[in-house]
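Reckoned from all heavy atoms, side chains included, excluding hydrogens, waters and symmetry mates.
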Amino acid sequence: MTPEELSLAISACLKDAVAAGEIALSASAVPDEVRVERPKNREHGDWATSIALQLSKQAGTNPREFATVLSARLKSINGVAAVDIAGPGFLNITVDAGAAGALAKAIVEAGPQYGTNSALAGHTVNMEFVSANPTGPLHIGHTRWAALGDAIARVLRASGAEVTAEYYINDAGTQMNVFAQSVYNRLHGLPVPDGGYPGQYIADLGHEVLTAHPDIRELTEVAAIPVIRAAAYEAQMKDIKATLADFGVDFDVFFSEQELHDAGAIESAVARLREQGHVFDDGGAVWLRTTDFGDDKDRVMIRANGEPTYFAADAAYYLSKKDRGYTEKIYLLGADHHGYIYRLKAIAAAAGDDPEVNIEVLIGQLVSVNGAKLSKRAGNIIELKDLIDWLGKDAVRYSLARFPADSPLTLDPDLLKKHSNENPVFYVQYAHARTRGAARNAVAAGVDRSAFDASLLDHATENELLSYLGSYPSIVAKAAELREPHRVARHLEVIAGAYHRWYDACRIAPLGDEPVTDVNRTRLWLNDATSQVLANGLDLLGVSAPERM
């Protein structure tokens, strides 16, 4: 019995109790699915639900009376061995061995779909992350959001949400002019301009510009700068996209800030917000009254000299997302962007959205790597591509995904390069490789999945392993709800530990000349179920599931 099946069964019992007049609730108040979780103490049962506490007030009764009525019906469900009422009205449910063991077959048959759910079905999400300026290579400051942002998008999709991963290219404004000037100076042997970009990569971009435009040095500075800006920008974005691809991060949309300006979206945003009554003029400048929505001060949109601010572009960009049909916009920003939270929520409110529903701003803390060396190309940064070459994509991505975004993090390269259980990514990947090796050995010994008897999975380690495999879908749903993919990583480590204990206690292949029995065949199902869950979970984190290690 899967958690989903038990959830639906509890809901059906509730509906029957309501229809029979045993519980005074309207039919619409009964959820189609009831949340079930693993009890903290496994002696209390296999699953627990707090539905009686949630609905008893509406039913006009106390939670224990509600739970008593529901437990009587639950005990009649095929596969439920026992139902106990605990505390103020929790229901602890124990399933019989056959029902628990049936999960192994269900997981294998579900394959990559096991763990997916519909908790966020109907949610249309635009998620913006990384969005590094196209004036240099991706570095360690972008690494955390590249790994976490992609993992969050994956768990959201696994929970039924429609997600667009978007990269906002800050290709308008002063920094692009300084970038172009830096390349121009390098091409002409001049010093780096004030506030300009140093590093070998600027020289490399100069070579690419020169290859595309051999006569660029013959042009005047005024004529050359626009050409250099366009060509160097294109080359740098190509490098950024290649690095992201090497890191296993795919974006659905690369959105250009410059296109907002060129399309008149800034002026349109100001006009639309003025119509909403939130724009005012003062001192020759145009302002958005963000203090009405919790910001600490009002924000300038158009300066007195007629130049739009970055804030105006932020407003236009938000309205673009709204116009493109995204009811939910998630922004993933760095540790130095706390001030943006109220500004962005104020824009949402001024645009007529609910800032508590239609926009979410996640702030990620800094990450560092012990012993990491500054980039030889960029000179003053640690490049993402160097981290990938040094530690490997899987090690970096898994390590970044297994901690909450709001916790400062220092990675230990010595640990991440260890082939031992101390290294979390190795521990989980090795467990998957071990499941595949065990399957190969079993098949070589004549074991196949031609038979399955769930009642044969009755060893204590099998019950433990099955319980963690059964919890996986609810872990994925919770990770999506809270935007916390580290929950998936930590659960995979728990599954890996349970698998190793089971592997040491229960043989899959027969020993020596022993005949192949249904115990062997059924255990192969459990082995392959574990393999599937580990692979599914690693995929949500953007990490490979190796066949051999």
Side-chain angles (χ1 to χ4, degrees), residues 1-103 106 115-123 159-160 356-357 454 463-464 466-482 484 487 491:
M1 176 177 285
T2 67
E4 288 74 18
E5 290 170 339
L6 181 58
S7 170
L8 293 172
I10 296 171
S11 179
C13 287
L14 262 175
K15 291 176 181 177
D16 290 344
V18 169
E22 298 169 1
I23 295 176
L25 278 177
S26 65
S28 61
V30 179
D32 292 330
E33 295 183 16
V34 174
R35 185 177 183 82
V36 294
E37 296 180 307
R38 287 290 179 188
K40 292 181 180 179
N41 186 339
R42 287 304 312 283
E43 294 180 358
H44 294 166
D46 296 312
W47 300 100
T49 179
S50 60
I51 192 66
L53 282 78
Q54 297 170 32
L55 297 181
S56 59
K57 187 174 182 180
Q58 295 181 53
T61 185
N62 71 61
R64 285 192 67 90
E65 290 176 355
F66 192 110
T68 299
V69 172
L70 185 55
S71 67
R73 288 186 172 272
L74 288 176
K75 289 174 182 176
S76 66
I77 296 175
N78 186 34
V80 172
V83 182
D84 297 311
I85 302 171
F90 290 101
L91 285 165
N92 292 329
I93 303 166
T94 303
V95 298
D96 63 42
L103 177 65
T116 60
N117 62 86
S118 58
L120 297 181
H123 291 248
S159 293
E356 300 305 314
V357 173
N463 181 55
E464 179 193 31
L466 284 163
S467 74
Y468 294 133
L469 297 178
S471 299
Y472 174 74
S474 64
I475 295 292
V476 174
K478 197 67 175 178
E481 176 192 346
L482 300 177
E484 294 181 344
R487 293 172 178 269
H491 192 66

Note to self: According to side chain to side chain donor-acceptor pair (under 3.5 Å), who are the partners of Arg487, at least two apart in sequence or on a separate chain?
What the structure shows: Glu484
Margin query: How close do Ala454 and Gly101 get, counting heavy atoms only, and between which atoms?
Written below: CB-C, 3.6 Å
Margin query: Quick check: closest heavy atoms across Val69 and Ala17, and the distance to 0.1 Å?
Written below: CG1-CB, 4.4 Å
Note to self: Give me the atom names and distance for the closest heavy-atom approach of Ala52 to Gly89.
What the structure shows: CB-O, 3.5 Å
Notebook entry, point to check: Do the side chains of Ile77 and Ile93 get nearer than 4.5 Å, heavy atoms only?
Noted result: no
Next item on the list: Could you tell me how the ring of His491 sits relative to the ring of Tyr472: parallel (under 30°), tilted (30 to 60°) or perpendicular (over 60°)?
Entry: parallel
Note to self: Please check this pair: side chain of Arg64 against backbone of Gly87, looking for a donor-acceptor N/O pair closer than 3.5 Å.
What the structure shows: yes
Notebook entry, point to check: Got a second to check how far Gln54's CD is from Arg35's CZ, nearest 0.5 Å?
Noted result: 9.0 Å
Notebook entry, point to check: Ile23 versus Leu55: any side-chain heavy-atom pair under 4.5 Å?
Noted result: no
Check: Taking the side chain as C-beta and beyond, is there a heavy-atom pair between Ser11 and Ile51 under 4.5 Å?
Finding: no
Next item on the list: Can you measure from NZ (Lys75) to CG (Leu70) and round to the nearest 0.5 angstrom?
Entry: 11.0 Å
Item checked: Contact check, side chains of Leu74 and Cys13, non-hydrogen atoms, under 4.5 Å -> yes
Margin query: To the closest 0.5 Å, what do you measure between CD (Glu481) and CG (Leu120)?
Written below: 8.0 Å
Checklist line | Residues forming a side chain to side chain donor-acceptor pair (under 3.5 Å) with Asn92, sequence neighbours excluded | finding: none
Check: Does the side chain of Ile85 come within less than 4.5 Å of Leu91's, by heavy atoms?
Finding: yes
Notebook entry, point to check: Where is the tightest heavy-atom contact between Val95 and Asp46, given as atom of each residue plus distance?
Noted result: N-OD2, 2.8 Å
Check: Is there a donor-acceptor contact under 3.5 Å from the side chain of Ser56 to the main chain of Asn62?
Finding: no
Notebook entry, point to check: Measuring from Glu37:CD to Ser50:OG, what's the distance to the nearest 0.5 Å?
Noted result: 7.0 Å
Next item on the list: State whether the side chain of Ser159 and the backbone N or O of Ser118 hold a donor-acceptor pair below 3.5 Å, judged by distance alone.
Entry: no
Notebook entry, point to check: Where is the tightest heavy-atom contact between Pro31 and Lys15, given as atom of each residue plus distance?
Noted result: O-CE, 4.4 Å
Notebook entry, point to check: Closest heavy-atom contact between Asn117 and Pro473?
Noted result: ND2-O, 4.0 Å
Next item on the list: For residues Leu14 and Phe66, determine if any side-chain heavy atom of one lies less than 4.5 Å from a side-chain heavy atom of the other.
Entry: yes
